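As a basis for the values below, the full set of heavy atoms in this structure was taken, side chains included, without hydrogen atoms, waters or symmetry mates. The structure displayed is predicted, hence computed values, not measured ones. Start at 1 and go down the list; that is how both ligands and their atoms are numbered. In what follows, residues are counted from 1 in the order of the sequence shown.
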Amino acid sequence: MKKQDISNIKALLKTPKRIVVVPHKNPDGDAIGSTLGLFHYLLGYNHDVCVVAPNDYPEFLKWMPKEESILKYDSQTETCNTLINQAEIIFTLDFNALNRTGDMESVLSQSDSIKIMIDHHQQPEDYAQYTYSDVGMSSTCEMVYNFIDFLDDTSRINAAIATCLYVGIMTDTGSFRFQSTTSNTHKIIADLIDKGAQNAQIHNAIYDTNSYNRLQLLGCSLSNLKVLPEYNTAYITLSQDELNTYNFKKGDTEGTVNYALSLEHIVFAAIFIEDQKQKIIKVSLRSKGDFSVNEFSRLHFNGGGHTNAAGGKSELSLSETVEKFISILPSYKLTLNNE
Ligand code: 5GP
Ligand code: MN
């Protein structure tokens with residue numbers, strides 16, 4: 001962040017303000033971790049602050065400190081509209097374009113509050129007065145730690161803040177294994193443990209609370225796994241019927257696409273999940289090396305994200321979506337074989 005921006009924000013936060021903190025739609029560990037972490041930091045200065053999420057998130061995140069205070073726009077629309085319209089400052093975290101908040105987009109874009117974006121996705125839009133964007137960062141949680149550091153305030157990181165930021169760094173780095181994990185990430189993680197993040201308990205709370213149905217659904221995903229050796233590509237499909245059979249809950253397919261990517265020689269992996277309610281196929285893409293799934297998703301599946309992890313959607317049927325995916329691959333054959 002620019003020095004001038006930091007001193008402006010410091011001055012802004014000197015006196016209590018009405019603040020709303022917003023993650024993206026279908027928030028993940030980094031979105032909830034970063035918004036709640038910042039929320040706890042701002043509470044420490046007696047700001048009138050709340051987190052407004054576009055919609056609900058998986059059960060495995062529902063233990064985080066003050067998680068129960070998060071408002072959900074889709075079910076508490078009026079309250080949320082009032083809070084957003086009255087806000088003096090709106091922080092938008094872990095997304096790069098206001099349309100990533102779904103139905104909140106119009107009220108957010110109409111609000112005349114000061115907006116501050118903290119995010120690590122590619123091609124950020126220019127809607128905020130203050131933008132802290134760094135696509136090289138492992139996670140928005142790592143950036144919130146840096147943001148607090150820019151304000152010379154890491155001494156105010158308590159156990160609640162440390163726990164929330166730990167969650168987002170851990171989930172967005174695949175437990176510290178992705179390329180975005182740097183020695184600095186580990187230094188921050190070490191400091192968060194020193195400040196009270198109970199690392200073993202956090203791993204357990206996020207990863208070891210599987211339901212029997214979730215594991216059965218994983219079994220179904222793995223038996224649907226298809227490999228296209230010609231393109232070093234693998235993909236998984238899940239139909240609405242299959243999801244219903246295993247009583248699918250939000251978050252149950254989180255991480256499943258990584259099994260496809262873990263196959264030897266595979267550099268590009270996809271999962272296509274039918275959502276009959278929204279009438280879309282949710283697409284999740286992962287890659288290894290320089291093959292950009294962000295570009296692939298922007299071009300073909302109306303989405304985006306990072307070089308090695310992106311999402312998008314398709315309005316075709318499940319089988320048509322797969323056909324479309326397979327028909328696109330020949331134009332990437334050279335790249336996919338050079339990774
Ligand atoms: P996932 O596949 O886990 O849903 O998302 C992978 C990454 O892509 C995340 O960083 C997520 O924020 C981003 N992403 C997921 N879906 C979309 C989408 O529809 N549009 C954009 N722009 N990014 C997405
Ligand atoms: Mn993130």
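Atom 7 (C) of ligand 1 has its closest protein heavy atom at Ala309 O, 3.7 Å. Gly312 CA, 3.8 Å is the protein heavy atom nearest to atom 19 (O) of ligand 1. Protein heavy atom in closest approach to atom 12 (O) of ligand 1: Arg100 NH2, 2.9 Å. Scanning the protein for heavy atoms near atom 15 (C) of ligand 1, the closest one is Gly311 CA, 3.4 Å. Ranking the protein heavy atoms by distance from atom 10 (O) of ligand 1 puts His121 NE2, 2.7 Å first.
Considering His121, His306, Gln123 as possible partners of Asn294, the one that fulfils the side chain to side chain donor-acceptor pair (under 3.5 Å) test is Gln123.
Side chains of Tyr132 and Asn146: a donor-acceptor N/O pair is present below 3.5 angstrom, by distance only. When only modelled atom types and interatomic distance are considered, Thr307 and Gln122 share a side-chain donor-acceptor pair under 3.5 Å. Checked by atom type, the side-chain pair Thr321/Ser314 shows a donor-acceptor distance below 3.5 Å. Defined by atom type and a distance below 3.5 Å, a donor-acceptor pair is missing between the side-chain atoms of Tyr41 and His47. Between the side chains of Gln129 and Asn8, no donor-acceptor pair of N or O atoms lies under 3.5 Å.
Near Lys282, the atoms of ligand 1 lying under 4.0 angstrom from a non-hydrogen atom of the residue are 4 (O), 15 (C), 16 (N). Heavy-atom contacts of Ser284 reach the following atoms of ligand 1: 1 (P), 2 (O), 4 (O) (cutoff under 4.0 Å). Annotation for ligand 1: atoms under 4.0 Å from non-hydrogen atoms of His306 are 10 (O).
Two residues are said to be in side-chain contact when any heavy atoms from C-beta on lie closer than 4.5 Å; Phe176 and Ile169 meet this criterion. Contact check for Ile9 versus Ile6: no side-chain heavy atoms found under the 4.5 Å cut-off. Side-chain contact between Tyr73 and Asn81 is present, with at least one heavy-atom pair separated by less than 4.5 Å.
Take the Mn ion (ligand 2) as the corner point: the lines to OD2 of Asp30 and to OD1 of Asp94 open at 90°, to the nearest 10 degrees.
Centroid-to-centroid, the aromatic rings of Phe325 and Phe272 come within less than 6.0 Å. The ring of Tyr332 has its center no closer than 6.0 angstrom to the ring center of Phe268.
Looking at ligand 1, you won't find any N or O of Val283 less than 3.5 Å from one of its N or O atoms. Between His24 and ligand 1, a contact under 3.5 Å exists for no N or O pair. No N or O atom of Leu285 sits closer than 3.5 Å to an N or O atom of ligand 1. Distances between N or O atoms of Glu254 and those of ligand 1 include no value under 3.5 Å.
Assignment of Arg286 to the shell around ligand 1 is supported, since a heavy atom sits closer than 4.0 Å.
The nearest non-hydrogen atom to atom 24 (C) of ligand 1, considering only Ser139, Gly303, Gly304, Gly305, comes from Gly304.
Residue Lys313 does not touch ligand 1, judged by heavy-atom distances below 4.0 Å.
Taking backbone and side-chain atoms together, Asp172 has an N/O/S atom less than 2.8 Å away from the Mn ion (ligand 2). Using a cut-off of 2.8 Å, one finds that His121 contributes no N/O/S atom close to the Mn ion (ligand 2).
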